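Atoms within a ligand are numbered from 1 in the order they appear, just like the ligands themselves. Computed over heavy atoms, backbone and side chain alike; hydrogens, waters and symmetry mates excluded. Fair warning: this is a prediction, and the values are worked out from it, not measured in the lab.
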Amino acid sequence: MTGLPRYEDVVDAASRIEGVAHRTPVLRSRLIDEQLGLQAVFKCENLQRMGAFKFRGAYNALSRFSPAQRAAGVVAYSSGNHAQAVALSARLLGIPATIVMPHDAPDAKVAATRGYGGRVVTYDRYTEDREEIGRALAEKDGLTLIPPYDHPHVIAGQGTAARELFEDEGPLDALFVPLGGGGLLSGTALSAGALAPGCRLYGVEPEAGDDGRRSLAEGRIVHIDTPQTIADGAQTQHLGDLTFGILQRTAPTVVTASDDELIDAMRTFATYLKLVVEPTGCLGLAALRRHAEELRGRRVGVLVSGGNIDMARYAALLGGG
Ligand SMILES: *Cc1c(COP(=O)(O)O)cnc(C)c1O
């Protein structure tokens, strides 16, 4: 196994994405603070380029390609934000991109990926294995495969969001971070370890799939079936070797949020902060609500990871009650 990325790699990633990725704003709401009895600061990666933090990791990884890798191109498999992050990064760097997506991926996502100039290759998610297809394409055409979370440059890039937050806000008492495959949380742990060692990290999974919590408790990577949840950015089946390695060492607290709590948080973001946040991006606030009592009076960060959601679906979720 390759060595785990370290905080120095996050610093390096920050210099590579500077001037390309947005330094996203940190927002707060007096009304939310009053409701929760603490001081909350929201790092708004829903306002990042392409609408999610994933641009940070993808751009960092692609910016390190050798001339030969650049000429041959990149391949990624994803139906979500990683696809758009790789497609946009590739376009900015002049690298051809191939994205492997399920044939029944939402039209909006396929269109967005094509809009960034990516070539889309579809597969049947019930009968075919996307990792195999990605690997086969990589081999046949000499493409470099960039996975969505288990890659040192991806992890280091994702860690730059929390680094900016600590730079802007100082060492917080706690920080809530959505958890899927663990790229964002493990990168965050690297930044917290260096800049805010006393900050308590909470990784937040959908209630339907708590493989991350179980993995840390059992000391091995637990695999689960694709969880049924509206948090589609965290529908991962397992942590990666690198992300698990970092999380084992840094030992964040892993908690969960239900779909109803996510919808509640979506409504709070829209009402008080005027922010459109996708369900996965609501994991942090949803969990903070549950844990507000133990954090009374503290300064607490919430990583708002993304804002990509179809408007009809957004309206339908918020219209329900
Ligand atoms: C990918 C994603 C996550 C989960 O990130 P991991 O690095 O897989 O843990 C959370 N929120 C959004 C919006 C995402 O796109």
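- Distance alone, capped at 3.5 Å, is enough to place a donor-acceptor pair between the Asp9 side chain and the Arg6 backbone.
- Between the side chain of Arg267 and the backbone N or O of Leu318, at least one donor-acceptor pair lies under 3.5 Å.
- The option with the heavy atom closest to atom 6 (P) of ligand 1, from among Gly306, Gly212, Gly182, Gly307, is Gly182.
- Using a 4.0 Å cut-off to heavy atoms of Gly183, the atoms of ligand 1 that qualify are 6 (P), 7 (O), 9 (O).
- Distances below 4.0 Å separate heavy atoms of Gly180 from the following atoms of ligand 1: 4 (C), 6 (P), 8 (O), 9 (O).
- Counting only residues at least two apart or in different chains, salt bridge (Lys or Arg N to Asp or Glu O under 4.0 Å) contacts with residues 183-206 are absent.
- Heavy atoms of Glu278 found under 4.0 angstrom from ligand 1 belong exclusively to the side chain.
- Closest to atom 14 (C) of ligand 1 among all protein heavy atoms lies Lys54 NZ, 2.9 Å.
- A distance of 8.5 Å separates OG1 of Thr24 from CG of Asn46, quoted to the nearest 0.5 Å.
- Within ligand 1, the atoms closer than 4.0 Å to a non-hydrogen atom of Asn81 are 13 (C), 14 (C), 15 (O), numbered from 1 in the order shown.
- Residue Thr280 has at least one heavy-atom neighbour below 4.0 Å for each of these atoms of ligand 1: 10 (C), 11 (N), 12 (C).
- Per-residue contacts place Phe53 under 4.0 angstrom from the following atoms of ligand 1 (heavy atoms of the residue considered): 1 (C), 2 (C), 3 (C), 5 (O), 10 (C), 11 (N), 12 (C), 14 (C).
- In this structure, the separation between CD on Glu164 and NZ on Lys43 is 4.0 Å, given to the nearest 0.5 Å.
- In summary, of the residues considered (Ile32, Val255, Leu38, Leu283), a side-chain contact (heavy atoms from CB on, under 4.5 Å) with Leu288 occurs for Leu38 alone.
- The closest non-hydrogen atom to atom 12 (C) of ligand 1, taken over Gly233, Ser305, Gly80, Ala234, comes from Ser305.
- Contact annotation: for Glu45 versus ligand 1, there are no heavy atoms closer than 4.0 Å.
- Applying the 4.5 Å side-chain rule to ILVMFWY residues, one finds Ile17, Val20, Met50, Phe55, Tyr59, Leu62, Phe65, Val74, Val86, Leu88, Leu92, Leu93, Ile95, Ile99, Met101, Val110, Tyr116, Ile146, Val154 in the same cluster as Val120.
- For atom 8 (O) of ligand 1, the nearest protein heavy atom (residue, atom name, distance) is Gly181 N, 2.8 Å.
- At least one N/O-N/O distance between Leu184 and ligand 1 falls below 3.5 Å.
- The aromatic rings of Phe42 and Phe269 stand perpendicular to each other, their planes meeting at an angle above 60°, with 30° marking the opposite boundary.
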